[in-house]
Amino acid sequence: MTPKITRFLTEQSPATPCLIVDLDVVEQQYKNLTEALPEGRIFYAVKANPAPAILKKLVALGSCFDAASIPEIEMCLAAGAQPSQVSYGNTLKKVGQIRQAREMGIDLFVFDSAEELEKIAEHAPGARVFCRLAVENEGADWPLSRKFGTTTAHAGELMRRAPSLGLIPHGLSFHVGSQQTGVAAYDRAIDIAGALYRSLKADGIDIRMLNLGGGYPTTYNRDVPDIHAFGETIIKALDRNFPGEHPELLLEPGRYMVGRAGIVSTEVILASRRGGAEKDPRWVYLDIGRFGGMAETEGEAIRYLFRTPHDQSDETRSPCILAGPSCDGVDIMYEKNRVPLPNALKSGDRIEILATGAYVSTYCSTGFNGFPPLEEHYI
Ligand SMILES: *Cc1c(COP(=O)(O)O)cnc(C)c1O
């Protein structure tokens, strides 16, 4: 909660549920990351929150962008980014999308298989390509490891083959998993990518870039290492792997850049021990749930913090099961990990869900049960 958001809530009392994002925090996060890793070029992962206000703010700060689709590329260009500032970072691209991106001037494409490399060669001839490596996602609350990336051996083969296909083998990438809470994940991944990078260089492949992906965490219900701890570990790993000159370094933060910039304002629809007995669990139903944008509560993976109007009083609390407003039985956010909420909480109370700037606005359904998409305010 920033003073700006508090003031907005008091003065405007916006209809719930809604997302409010303080753009000053986005700017601060951009600066913090730049300070922690000055040599890294930031390619903001657009999927975390593609709001035009955020993209424009980042363009003004000099950011580049990691886009995963044609609409995301279009949003970046509409916000003022040059095509040279946009990377097509999705390993899954239809050939029509590769062609269209190329026509839009995009020159940097990822791949993690021979077939995808061949598609890029045919539909974006002459483009720069980078290969995504599969690395361990241990320590990540929201892993991305099984679906993407290839082995170093196969990546080496494909990078060596790229020139004969008319492509420029530009670099290597990995993603250590989102909400990565351990700095060691980057350390290990840089060692793996570094070894391949050096062997390609030794073979005369003019590789230049190392893309460390995203993963840098936001603070939810527990402390996470400071961004400077990530920076120091990464710089040490780079020094160890590239004692002469570091490769061109790309960073793709999503969650880190926008997570703590936003809050969701929601209303309690019902707070009840439905069985009527003191031993029955207390259920709190909010006007936002898994289909309204809180998709990362899937598996209770991301554990958000809640602010209620009763936090200041020394009100007793009970562990609550937290659910959304829809008529779907899986629309429960926390049941195994119950949320301690004040017993005084009642229908009509407003609650703020903290650090919801990332992976909320775009995850909401368009009209499940007739609920409209989440309102968004960028201030
Ligand atoms: C989602 C994604 C990111 C951003 O990840 P965060 O954990 O939000 O920082 C970066 N790169 C790629 C390729 C992604 O798919």
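Below, each value reflects all heavy atoms present in this structure, side chains not excepted, and no hydrogens, waters or symmetry copies. Just follow the structure's listing: the first ligand is 1, and inside any ligand the first atom is 1.
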Residues lining ligand 1 [heavy-atom distance under 4.0 Å, listed by chain and residue number]: Ala45, Lys47, Asp66, Gly89, Arg132, His175, Ser178, Gly214, Gly215, Glu252, Pro253, Gly254, Arg255, Tyr359
Salt-bridge present (Arg290, Glu296; N to O < 4.0 Å): no
Sequence neighbours excluded - salt bridge (Lys or Arg N to Asp or Glu O under 4.0 Å) pairs with any residue from residues 339-361: Lys346-Asp349
Gap between atom CD1 of Ile70 and atom CD of Gln97 - 0.5 Å precision: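 Here the interatomic distance stands at 6.0 Å.
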Cation-pi check, Lys93 onto Tyr88 ring (under 6.0 Å, within 45° of axis): yes
Aromatic Trp283 / basic Arg274 pairing, under 6.0 angstrom, 45° off normal: yes
Side-chain H-bond candidate by donor/acceptor type, His246 with Asn241, under 3.5 Å: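 Looking only at side-chain atoms, Asn241 and His246 do not form any donor-acceptor pair under 3.5 Å.
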